[in-house]
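Here the structure is laid out as structure tokens; the discussion comes afterwards.
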Number of protein chains: 2
Amino acid sequence: MPESDYPDIRGLHLFTEMSDEHFNALMRGSYVQNFPPQIDLIAEGDPSDFLHVVLTGSVELSSSWNGRETSMATVRPVSTFILAATIKDAPYLMSAKTVEKSRIALIPSQDVRNVFDVDPNFARAIVTELAQCYRSVVKSQKDLKLRTSLERLANYLLRQQIKFDGAAEFELQLEKRRLASFLGMTPENLSRAFKGLQPYGVKVNGNHITIKDQDDLMRFAKPTPLIDDYSI
Amino acid sequence: MPESDYPDIRGLHLFTEMSDEHFNALMRGSYVQNFPPQIDLIAEGDPSDFLHVVLTGSVELSSSWNGRETSMATVRPVSTFILAATIKDAPYLMSAKTVEKSRIALIPSQDVRNVFDVDPNFARAIVTELAQCYRSVVKSQKDLKLRTSLERLANYLLRQQIKFDGAAEFELQLEKRRLASFLGMTPENLSRAFKGLQPYGVKVNGNHITIKDQDDLMRFAKPTPLIDDYSI
DNA sequence: TTCAATACTTGATAAATGTCAAGCATTGGA
DNA sequence: TCCAATGCTTGACATTTATCAAGTATTGAA
């Protein structure tokens, strides 16, 4: 891997605290590649040979069964994916595909496991990251099981609003059909759900969202940190 | 904690490989308690002061929002719960309550974090356990998003059957209303779902399940290791 | 700029799931 | 042993969500 890419990766929580020696050892076997949009990076069921790091662009994680498919998450820079499969040396549970043109680092899983055993700081970082991932899925599970699709959309919009520093207007970061799948509904239903939020001051124009009265929407959405705050 | 309880805990994957010294250090601050059925052990949102280990009995993990409640998992001996909250020193995302009379070990979270930093074997075990937990939730998420309630029940029964070494008859380990909630449906719907599986050779009598023709049920359920095999 | 491909929306309808109410079955004290 | 409490089942109905089909809007490449 060219050393010019090191700083981006070094900046990740996962790699900030480890020793230079171990970091360099990890990087030696790794490489960075540019991918066009819509490229399949991994398929669920494949052996987990590499830990992936998204440096630019975005990657969608999805799963299929019996001819159906669902979007599980979208990974944005700078973060890793399929850490758990790498750690366990087990097959991927999700497929990954670039959404847009993306720059991705590939770190051999065996190297990750080796360095884990000798660098306590890296070990600590990995376990923190994994715990974070675990808690994110649990939150998402609660969202799915406890809320209707309208409530899920309302809370999604409020989470996005927080990402944009509480701005009253912002752009959706996902295509609507992808968002629908992520929220566990059909694209048709998402269209209707947006209409269903009009009485609470939500306006939609293409990807542009306007939230007229945040409090009004919050009274309906009833967000809670134990589902909606991905930082804890 | 009485030393007589040590072996049960030592037998857990999480604790087998660590040094005696560190294990004893962990145990010193811990204690074991017997709880009657239906006792609230932790509430979601509480700070995570202890890592819990179920030695006997069983514990249900659940979550609530806006007056609704859902069963997230049932923990059986010998295993831990709320490991992720302990590691992150973050609030619990789920509540826990004994289902039956249970014997539970409580290990101070701070001690777990301290020993993690000094015992590489323990660190490795924790990260493996966490990766396992993460992958379990992802599988459960796929189950929920990709399958109908009838398909979820069919696959649940096949998973239970495997637990009982493929026996054609076995007892449900959960109350039906708990099972319904775990599978993301109402008790009424679960009743109807059992009827819906009759054409595939499933017979129900109270908690007693008979699967007349496993192949028949499998043709309907279409189980896949990437959702249904909790060992990978 | 044009046009074909793709995404999105809408309405009509169907299927899945939830709710309510009532009755039956089981269970665990008194 | 009895019976009250709880869980389970069933039917009728309501709601939610999905499907299908058609039309509109948007996008990207020639």
Side-chain angles (χ1 to χ4, degrees), chain A residues 36-38 60 62 65-71 74 97-101 143-156 171-199 202-209 220, chain B residues 36-38 60 62 65-71 74 97 99-101 143-156 171-199 202-209 220-221:
Chain A
Q38 307 299 334
E60 185 188 36
S62 66
W65 177 79
N66 195 23
R68 299 167 210 163
E69 186 177 355
T70 190
S71 171
T74 301
K97 154 193 281 199
T98 56
V99 174
E100 36 188 329
K101 189 164 165 302
D143 192 45
L144 270 173
K145 289 186 80 175
L146 291 166
R147 290 171 170 163
T148 65
S149 58
L150 200 61
E151 290 164 344
R152 290 200 293 278
L153 176 60
N155 279 291
Y156 176 84
E171 301 291 321
L172 288 177
Q173 296 196 94
L174 296 180
E175 273 179 298
K176 285 183 184 168
R177 71 199 177 94
R178 233 177 277 279
L179 174 58
S181 178
F182 173 71
L183 293 176
M185 55 178 121
T186 57
E188 293 95 328
N189 235 330
L190 179 62
S191 270
R192 290 173 192 125
F194 272 123
K195 292 222 161 150
L197 291 180
Q198 274 180 12
V202 174
K203 271 184 62 178
V204 187
N205 193 311
N207 282 327
H208 191 83
I209 304 291
F220 171 74
Chain B
Q38 308 298 333
E60 185 190 35
S62 66
W65 177 79
N66 195 23
R68 299 166 209 164
E69 186 177 354
T70 191
S71 171
T74 301
K97 153 192 283 199
V99 174
E100 34 186 332
K101 188 165 165 300
D143 191 45
L144 271 172
K145 289 185 79 175
L146 291 166
R147 290 171 170 164
T148 66
S149 57
L150 200 60
E151 290 162 345
R152 290 199 294 278
L153 177 59
N155 281 291
Y156 176 83
E171 301 291 321
L172 288 177
Q173 296 197 93
L174 295 180
E175 274 179 296
K176 285 182 185 169
R177 71 200 176 95
R178 235 178 275 282
L179 174 59
S181 178
F182 173 71
L183 293 176
M185 56 178 120
T186 58
E188 293 95 328
N189 235 331
L190 179 63
S191 270
R192 291 175 190 124
F194 272 123
K195 292 223 160 149
L197 291 181
Q198 274 180 12
V202 174
K203 270 184 63 180
V204 187
N205 193 311
N207 282 327
H208 191 84
I209 304 293
F220 171 74

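Letters go in sequence order (proteins before strands), and every chain restarts at 1. It should be emphasised that the depicted structure is a prediction, and the values quoted were computed from it without experimental measurement.
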> Separation of His208(A) atom NE2 from dT26(D) atom P, in whole Å?
Replying inline: 15 Å
> Between atom CZ in Phe194(A) and atom P in dC8(C), what is the gap in whole Å?
Replying inline: 10 Å
>> I'd like to know if Arg178(B) reaches the base of dG7(D) with its side chain such that a donor and an acceptor end up less than 3.5 angstrom apart.
In response: no
> Glu175(A) CD to dA5(C) P: how many Å, rounded?
Replying inline: 18 Å
> Between Ser149(A) and dT17(D), does any side-chain N or O lie under 4.0 Å from OP1 or OP2?
Replying inline: yes
> Between Arg177(A) and Pro187(A), what is the shortest heavy-atom contact and its length?
Replying inline: CB-CG, 4.2 Å
> Separation of Asn189(B) atom CG from dT10(D) atom P, in whole Å?
Replying inline: 13 Å
> dC8(C) base to Glu188(A) side chain: any donor-acceptor pair below 3.5 Å?
Replying inline: no
> Which whole-number value in Å describes the distance from Arg177(A) CZ to dA18(D) P?
Replying inline: 17 Å
> So what does Gly184(B) touch, heavy atoms closer than 4.0 Å: a base, only the sugar-phosphate, or nothing?
Replying inline: sugar-phosphate
> Leu190(A) has an atom CG; how far is it from atom C1' of dT16(D), in whole Å?
Replying inline: 15 Å
> Given atom CE of Met185(A) and atom P of dT17(C), what is their separation to the nearest angstrom?
Replying inline: 16 Å
> Run the side chain to side chain contact (heavy atoms under 4.5 Å, CB included) check on Phe182(A) and Thr74(A) step by step: do they pass?
Replying inline: CA-CA 9 Å; Phe182(A) 173 71; Thr74(A) 301; 5.9 Å; no
> Looking only at side-chain N and O atoms, does Thr186(A) come under 4.0 Å of OP1 or OP2 in dA18(D)?
Replying inline: yes
>> Minimum heavy-atom separation for Met185(A) and Leu153(A), please, with both atom names.
In response: CE-CB, 4.4 Å
> Choosing from dG11(D), dT9(C), dT9(D), which nucleotide comes nearest the side chain of Ser191(A)?
Replying inline: dT9(C)
> What heavy-atom pair brings Leu174(B) and Asn207(B) nearest, and what distance separates the two atoms?
Replying inline: O-OD1, 4.2 Å
> Of the nucleotides dA18(D), dC8(D), dT19(C), which one has an atom closest to the side chain of Lys176(B)?
Replying inline: dC8(D)
> Is there a donor-acceptor contact under 3.5 Å linking the side chains of Glu60(B) and Ser71(B)?
Replying inline: yes
> Atom CD of Gln38(A) and atom P of dT6(C): how far apart are they, to the nearest Å?
Replying inline: 11 Å
